[in-house]
Amino acid sequence: MSLRIAVLASGSGTNLQALIESRARIPIEIVVVASDKSHAPALRRAEKAGIETLALDPQRYTTRAGFDADLFARIEAYTPGLIVLAGFMRILDPRVLEPWAGRIINIHPSLLPKYRGLHTHRRALDAGDDVHGASVHYVTADLDDGPTMAQVEVPVERGDSTESLAARVLVREHRLLVASVGLVAAGRIKLDEAGVVLDGKVLCAPLHLLADDTLATR
Ligand code: GRF
């Protein structure tokens with residue numbers, strides 16, 4: 001039984017592409033890709049893969065909450081078991097997120113709780129960090145602040161620019177996201193009041209991605 005997934009994306013969609021290409025390896029069915037940008041390359045990737053798309057224009061809504069409510073009502077019609085925010089660049093209304101607690105995740109390009117929000121690579125370089133990375137976390141009302149499921153560490157190299165660091169992180173984001181969604185699809189990981197639970201045990205730290213693309217406890 002495949003896990004039905006709705007993906008929300010606003011941009012290039014390389015994380016979406018990684019999920020599309022993982023469909024033979026992990027039991028998922030991407031039932032819809034939704035965007036707030038009708039020209040998002042992510043939507044073209046979905047179309048090429050034969051996946052239904054949904055583009056809503058925020059300009060046509062008088063309030064942000066109205067946009068979010070309509071977006072989620074339309075997504076819910078696809079009965080997904082998981083919503084994945086993959087480069088979705090809007091902050092969502094807590095009222096639409098609440099019913100999805102534990103069933104909506106986001107990929108964020110930093111080692112949370114460091115560098116919530118934008119420009120994470122620049123901030124890591126400015127701080128002189130020697131390790132950066134990405135996180136998959138459950139989405140809650142607070143921006144980039146839900147319990148972190150899994151992370152991947154990426155070394156910062158001498159002479160790195162924002163672009164070179166972002167490119168190195170992005171490649172590993174893809175692997176982290178597929179591995180994380182794979183655990184959800186396998187029914188092995190979930191969020192409950194105790195925190196993130198893997199195989200029945202509460203995690204005391206996020207899982208980390210190994211070189212073989214498996215996720216391990218610390
Ligand atoms: C990724 O770096 C993701 O972490 C961030 O936005 C970027 C999206 O890239 N939220 P893509 O659209 O998946 O290529």
Side-chain angles (χ1 to χ4, degrees), residues 5-23 26 28 30 32-49 51 53-56 58 68 71 82-92 97 100 104-126 129 131-140 142-156 160-182 184 206-209 213 215:
I5 293 177
V7 178
L8 277 62
S10 304
S12 54
T14 65
N15 276 287
L16 165 67
Q17 190 65 40
L19 288 175
I20 289 171
E21 291 169 9
S22 75
R23 289 180 298 178
I26 59 175
I28 62 169
I30 304 172
V32 64
V33 174
S35 184
D36 55 323
K37 301 262 187 290
S38 60
H39 299 298
L43 294 177
R44 307 297 79 80
R45 294 176 189 273
E47 288 157 2
K48 273 175 67 176
I51 298 168
T53 59
L54 172 65
L56 294 186
D68 293 353
L71 174 65
L82 179 71
I83 296 177
V84 178
L85 307 185
F88 186 65
M89 301 311 282
R90 280 176 67 89
I91 296 172
L92 290 162
L97 295 175
W100 287 91
I104 179 167
I105 62 174
N106 179 47
I107 174 99
H108 179 78
S110 80
L111 292 174
L112 292 170
K114 291 181 85 169
Y115 313 131
R116 294 187 180 96
L118 299 173
H119 313 302
T120 64
H121 312 302
R122 168 48 49 210
R123 292 157 66 191
L125 289 171
D126 290 349
D129 291 352
V131 178
H132 187 36
S135 305
V136 171
H137 65 95
Y138 287 98
V139 174
T140 59
D142 303 318
L143 179 66
D144 299 331
D145 192 33
T148 299
M149 179 194 297
Q151 295 186 315
V152 59
E153 293 186 349
V154 177
V156 178
D160 255 332
S161 64
T162 305
E163 293 72 21
S164 63
L165 180 56
R168 196 175 321 116
V169 169
L170 191 58
V171 169
R172 287 169 179 79
E173 286 182 41
H174 301 159
R175 293 162 44 195
L176 180 70
L177 183 60
V178 169
S180 302
V181 170
V184 179
L207 299 170
H208 67 287
L209 189 73
D213 285 359
L215 287 166

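Every number for a ligand or one of its atoms is a count from 1 in the order of the listing.
- Gly13 N, 2.8 Å is the protein heavy atom nearest to atom 12 (O) of ligand 1.
- A salt bridge links Asp68 with Arg90: the closest approach of a Lys/Arg side-chain nitrogen to an acidic carboxylate oxygen falls below 4.0 angstrom.
- With atom 1 (C) of ligand 1 as the reference point, the heavy atom nearest to it among Arg45, Glu173, His121, Gln17 is part of Glu173.
- Legend: residues meeting salt bridge (Lys or Arg N to Asp or Glu O under 4.0 Å) with Arg44, ordered by chain and number and at least two apart, are Glu47.
- For atom 9 (O) of ligand 1, the closest non-hydrogen atom of the protein is Asn15 ND2, 3.9 Å.
- Of the N or O atoms in Ala86, none lie within a sub-3.5 Å distance of an N or O in ligand 1.
- Counted by atom type alone, His108 and Thr120 present zero donor-acceptor pairs between their side chains at under 3.5 Å.
- The single protein non-hydrogen atom nearest to atom 5 (C) of ligand 1 is Pro109 CD, 4.0 Å, given as residue, atom name and distance.
- Nearest-heavy-atom check against atom 6 (O) of ligand 1 across Ala166, Gly87, Ser135, Ala134 picks out Gly87.
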Go through it in stages, so that I can follow the logic: the residues are His132 and Ser110, the test is side-chain hydrogen bond (donor to acceptor under 3.5 Å, both in side chains), and I'd like the CA-CA distance, side-chain angles, deciding distance and then a yes or no. CA-CA 6 Å; His132 187 36; Ser110 80; over 6 Å; no

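- The salt bridge (Lys or Arg N to Asp or Glu O under 4.0 Å) check on Asp129 picks up Lys114, with sequence neighbours excluded.
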